[in-house]
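Quick caveat, the model's predicted, so the values are computed rather than measured.
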Amino acid sequence: MPGLATVDAVIVGGGAAGLSLAAHLAAAGWGDDVLLLDDGAQPLEDRSWAWWSTGGGLLDGAASTVLGAADVAGEGWSRRLGLDPYAYRVVTGPDLAAEVTRLVAPRPGYRRLRGTARTLAVDDAGVQVAYEDPDGRARAVRARWVFDSVGPGAAAPVPDPDARLDLLGLHVETEREVFDPGAVTLMDFRTAQEDGLAFVYVLPTSARTALVERTVYAGPDALALAHEPHLAAYLRDVLRVGAHRIVAREEGTIPLGLRPPAAPEGPVIPIGARAGMIKAGTGYAFGRIQRHSAAIAAALAAGRYPGRAAHRRWARAQDAALLRVARADPAEARAFLESLLRRNAAPRILAFLDEDLPPREHLRLYATLPLPRFGLACAAASSRRTR
């Protein structure tokens with residue numbers, strides 16, 4: 001369409017992936033005109049993200065919570081892990097937006113645009129982005145690059161049949177001090193397991209307040225899960241919180257997709273969940289989003305094609321195997337995870353989950369795990385993906 005304004009890039013979607021990429025592009029000094037197109041359907045006020053890192057990341061300073069220890073537990077055992085050189089970080093949506101605003105402020109050509117992307121049309125001059133403004137009027141802009149976390153015009157993704165994380169979190173306030181604000185409970189398996197492999201996550205915000213969340217690796221046939229009675233039992237029998245009140249609730253599902261991520265199409269580059277940034281074995285995405293954003297920014301600054309996000313085939317096979325075993329034999333999957341958590345130092349565990357563990361350390365970690373059935377599932381998953 002002649003006469004359209006042309007910008008260096010349009011980032012479609014203003015969640016963690018879009019905001020993170022805008023920050024990394026600005027920090028790399030790339031682009032004079034970059035638009036962040038977002039419809040506001042998912043307000044940042046209601047969102048937060050957790051990750052672990054060794055520090056020095058561009059957005060690490062935005063974290064409102066930084067913890068140096070993690071608790072893990074199961075029936076008859078518990079363990080506190082010192083995370084150094086890592087720290088566990090949590091950032092709220094408003095804090096992330098404020099930090100990104102600060103980072104892009106020196107580049108006045110970076111602008112936020114309210115609207116709903118409708119179609120992306122690639123031609124010889126770049127990409128035409130058609131969108132609808134808040135008043136319902138059709139608009140368009142042309143971009144040299146589009147970084148897409150939404151998929152406008154694409155068919156809705158077919159849910160992966162392997163698994164999802166089904167969760168309910170309760171924001172709890174107690175009458176006495178019962179929580180340790182210096183440590184996150186990453187996985188506590190002392191909760192009912194009849195719905196599937198289940199664990200409880202506890203993120204304290206003070207000695208009397210915390211998010212207490214129950215998560216289940218749920219298969220495609222699982223119906224709505226009744227988390228609340230199990231959370232009540234956990235608060236009463238495990239944490240022994242006594243008198244308390246529920247301040248807020250948050251519930252949802254995280255699809256643990258193992259299907260291939262969306263592929264780049266010329267100047268249209270998927271980011272976020274569309275690029276496979278949700279790690280299927282854990283549901284964490286924010287740390288992977290930071291690495292992907294940094295890689296895109298570095299490539300553009302060097303004049304290279306930003307290309308496809310790197311995915312390690314063996315790591316994807318491990319995730320597929322864990323989900324397959326979690327569905328077929330939750331007790332065995334739990335035994336695998338408990339061995340991982342009980343018999344390894346925290347830096348090795350976190351590097352393994354980050355797909356950043358050196359080969360020699362991989363061998364040491366595998367020596368601590370019950371591998372026969374898991375190894376067969378891993379081999380089957382790897383073989384299935386090479387056909």
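Considering every non-hydrogen atom in both P261 and G276, the closest pair reads CB-N, 3.6 Å. Across A346 and L81, no two heavy atoms sit closer than the pair CB-CB, 3.8 Å. Minimum interatomic distance between G151 and R274 (heavy atoms only, all atoms of both residues): N-CD, 3.5 Å. Taking every heavy atom of both residues into account, P347 and P85 meet most closely at CG-CD, 3.9 Å. Residue V66 comes nearest to A87 through the heavy atom pair CG1-CB, 3.8 Å, listed as atom of the first residue, atom of the second, then distance. Scanning all heavy atoms of the two residues, the minimum distance from I278 to A273 falls at CD1-CB, 3.9 Å.
Annotation: the span from W30 atom CH2 to R107 atom CZ amounts to 9.5 Å, rounded to 0.5 Å. Between the CG atom in L170 and the CG atom in L211 there is a gap of 8.0 Å [rounded to 0.5 Å]. Taken from CH2 in W51 to CG in L350, the straight-line distance is 14.0 Å, to the nearest 0.5 Å. Note that OG1 of T209 and CD of E177 are 10.5 Å apart. Values are rounded to the nearest 0.5 Å. Atoms CD and CG, from E265 and D148 in turn, are 9.5 Å apart once rounded to the nearest 0.5 Å. Of the inter-residue distances, the one linking R80 atom CZ with T185 atom OG1 reads 8.0 Å to the nearest 0.5 angstrom.
Salt-bridge formation is not detected for the pair R79/D71: no Lys NZ or Arg NE/NH1/NH2 atom is positioned less than 4.0 Å from an Asp or Glu carboxylate oxygen. Remark: E355 engages R288 in a salt bridge, criterion side-chain N to carboxylate O under 4.0 Å. A salt bridge does not link K279 to D354: none of the charged nitrogens lies less than 4.0 Å from a carboxylate oxygen. Salt-bridge check for R114 with D133: failed, with every basic side-chain N at 4.0 Å or more from each acidic carboxylate O. At a threshold of 4.0 Å, the pair E132-R118 counts as salt-bridged, since one of the basic side-chain nitrogens sits closer than that to a carboxylate oxygen.
E251 is linked by a side chain to side chain donor-acceptor pair (under 3.5 Å) to nothing, counting only residues two or more places apart in sequence or in another chain. Take E228 and apply the side chain to side chain donor-acceptor pair (under 3.5 Å) test, not counting sequence neighbours, and it matches R249. Remark: T215 engages L165, L167, F199, E213 in a side-chain contact (heavy atoms from CB on, under 4.5 Å) (not counting sequence neighbours). For Y86, there are no side chain to side chain donor-acceptor pair (under 3.5 Å) partners, not counting sequence neighbours. With sequence neighbours excluded, the residues satisfying side-chain contact (heavy atoms from CB on, under 4.5 Å) with R348 are N344, L357, E361, R364, L365. Annotation: side-chain contact (heavy atoms from CB on, under 4.5 Å) contacts of A198 (sequence neighbours excluded): T191, Q193, R214, V216. Qualifying side-chain contact (heavy atoms from CB on, under 4.5 Å) partners for R176, counting only residues two or more places apart in sequence or in other chains: V178. Residues passing the side chain to side chain donor-acceptor pair (under 3.5 Å) test with W145, sequence neighbours excluded: none.
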Could you walk me through whether L96 and L59 pass side chain to side chain contact (heavy atoms under 4.5 Å, CB included), step by step?
CA-CA 8 Å; L96 176 62; L59 295 175; 3.8 Å; yes
Stepwise side chain to side chain contact (heavy atoms under 4.5 Å, CB included) check, D33 with R111:
CA-CA 8 Å; D33 296 292; R111 293 167 286 152; 4.0 Å; yes
What verdict does the ring pair (Phe, Tyr, Trp, His ring centres under 6.0 Å) test give for W52 and Y284, after you've listed the backbone C-alpha separation in whole Å, the side-chain angles of each residue and the deciding distance to 0.1 Å?
CA-CA 10 Å; W52 52 83; Y284 281 88; 4.9 Å; yes
Go through the steps to decide whether M277 and I271 satisfy the test side chain to side chain contact (heavy atoms under 4.5 Å, CB included), and finish with yes or no.
CA-CA 8 Å; M277 291 299 109; I271 59 173; over 6 Å; no
Tell me, with the steps shown, if D38 and I11 meet side chain to side chain contact (heavy atoms under 4.5 Å, CB included).
CA-CA 8 Å; D38 184 60; I11 301 171; over 6 Å; no
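For the residue pair D195 / H227, no side-chain donor-acceptor distance below 3.5 Å is found, with atom types taken as modelled.
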Donor-acceptor contacts, no H, no angles, side chain residues 13-20, under 3.5 Å, sequence neighbours left out:
residue: S20; atom: OG; partner: A16; partner atom: O; Å: 2.6
residue: S20; atom: OG; partner: Q290; partner atom: NE2; Å: 2.9

Without placing hydrogens or testing angles, list every side-chain donor-acceptor pair under 3.5 Å for residues 239-246, not counting sequence neighbours.
residue: H244; atom: ND1; partner: G242; partner atom: O; Å: 2.8
residue: R245; atom: NH2; partner: E173; partner atom: OE1; Å: 3.2

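A donor-acceptor contact shorter than 3.5 Å links the side chain of R343 to the backbone of T368. Using a distance-only test at 3.5 Å, with no hydrogens or angles considered, a donor-acceptor pair links the side chain of Y110 to the main chain of A26. Of the possible donor and acceptor atoms, one in the side chain of D188 sits under 3.5 Å from a partner among the backbone N and O of R190. Looking only at distances, a side-chain donor or acceptor of D8 sits under 3.5 Å from a matching main-chain atom of D32.
No more than 12 heavy-atom neighbours from other residues, nucleotides or ligands sit within 6.0 angstrom of CD on Q42.
When side chains are defined from C-beta on, P264 counts as touching P270, because their heavy atoms get closer than 4.5 Å. By the 4.5 Å heavy-atom criterion applied to side chains, S339 and P370 are counted as neighbours. A heavy-atom distance below 4.5 Å is not found between the side chains of E75 and F189. Between E45 and R47, the closest side-chain pair of non-hydrogen atoms is not below 4.5 Å.
Following chains of ILVMFWY side-chain contacts shorter than 4.5 Å, one cannot reach L225 starting from L235, and the two form parts of different hydrophobic clusters. V34 and L36 fall within a single hydrophobic cluster, where Ile, Leu, Val, Met, Phe, Trp and Tyr side chains are chained together by heavy-atom contacts under 4.5 Å. Both W77 and L369 belong to a single network of hydrophobic side chains, linked directly or stepwise wherever heavy atoms of I, L, V, M, F, W or Y lie under 4.5 Å apart. When hydrophobic clusters are built by joining Ile, Leu, Val, Met, Phe, Trp and Tyr residues whose side-chain heavy atoms come closer than 4.5 Å, directly or via intermediates, L168 is not grouped with L197. The hydrophobic cluster containing F179 does not contain L67, counting ILVMFWY residues as joined when their side-chain heavy atoms lie under 4.5 angstrom apart, directly or transitively.
Annotation: Y366 is in aromatic contact with H362 [ring centroid separation under 6.0 Å].
Counting only residues at least two apart or in different chains, salt bridge (Lys or Arg N to Asp or Glu O under 4.0 Å) contacts with residues 83-106 comprise D60-R89, E99-R102.
Exactly one of I254, L353, L186, L322 qualifies for a side chain to side chain contact (heavy atoms under 4.5 Å, CB included) with T282. That residue is L353.
In the hydrophobic clustering (ILVMFWY side chains linked at under 4.5 Å, chained through shared members), V268 is joined by V7, V10, V12, L35, L37, L113, L120, V122, V127, V129, Y131, V141, V146, V150.
Taking the six-membered ring where tryptophan is involved, the planes of Y88 and Y201 are tilted, since the angle between them lies from 30° to 60°.
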